[in-house]
Amino acid sequence: MIRIFSIFIIFAIITTTSALCQEAQWFKGNTHAHTTRSDGNEPPRRVVRWYFDHEYNFLVVTDHDKLTDIQYLDTDK
């Protein structure tokens with residue numbers, strides 16, 4: 001009985017681990033980027049374009065004391 005239970009536990013661990021590995025997904029991103037609206041070197045559109053071109057999945061613009069309107073940051077234009 002203990003042997004069957006051990007085999008069941010091992011099977012459950014392998015199955016669960018396999019399922020978790022298949023569902024896991026990593027995202028490439030930056031959570032701290034400045035633009036010329038505070039102390040950065042590039043305007044918002046160029047910063048967004050650079051991260052887009054380098055295949056980042058997300059970007060957080062963290063300009064000091066500013067809120068950047070994302071309506072004008074479309075990288076396809």
Side-chain angles (χ1 to χ4, degrees):
M1 180 70 171
I2 292 176
R3 187 173 189 174
I4 292 173
F5 182 71
S6 297
I7 291 171
F8 173 75
I9 294 296
I10 291 171
F11 176 76
I13 290 171
I14 291 171
T15 304
T16 303
T17 304
S18 176
L20 289 174
C21 289
Q22 291 174 354
E23 292 177 17
Q25 184 177 359
W26 288 93
F27 294 95
K28 180 179 175 181
N30 182 357
T31 60
H32 191 100
H34 292 192
T35 72
T36 52
R37 291 183 45 79
S38 64
D39 60 352
N41 297 326
E42 298 290 336
R45 283 183 67 111
R46 290 192 64 185
V47 171
V48 169
R49 186 69 202 191
W50 187 91
Y51 283 97
F52 180 80
D53 290 345
H54 289 85
E55 300 179 355
Y56 278 67
N57 300 106
F58 64 90
L59 169 66
V60 179
V61 176
T62 55
D63 287 327
H64 301 284
D65 303 319
K66 303 286 183 187
L67 180 61
T68 302
D69 187 358
I70 62 171
Q71 175 181 342
Y72 303 103
L73 299 179
D74 187 358
T75 59
D76 291 334
K77 293 182 180 178

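Note that the numbering runs from 1 along the sequence shown for the chain.
Atom-to-atom distance recorded for T36:OG1 and E42:CD is 8.0 Å, nearest 0.5 angstrom. Taken to the nearest 0.5 Å, the OH atom of Y51 stands 4.0 Å off from the CG atom of N30.
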| said: Walk me through whether W26 and N57 qualify under side-chain contact (heavy atoms from CB on, under 4.5 Å). | reply: CA-CA 9 Å; W26 288 93; N57 300 106; over 6 Å; no
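Using a distance-only test at 3.5 Å, with no hydrogens or angles considered, a donor-acceptor pair links the side chain of D63 to the main chain of T35. Looking only at distances, a side-chain donor or acceptor of H34 sits under 3.5 Å from a matching main-chain atom of T62.
Nearest heavy atom pair, residue E55 against residue K28, reads O-CD, 3.9 Å. Scanning both residues, R37 and P44, for their nearest heavy atoms gives CD-CG, 3.7 Å.
Taking a 6.0 Å sphere around CG of D53, one finds it holds more than 12 heavy atoms contributed by other residues, nucleotides or ligands.
The closest side-chain heavy-atom distance from L59 to F52 is not below 4.5 Å.
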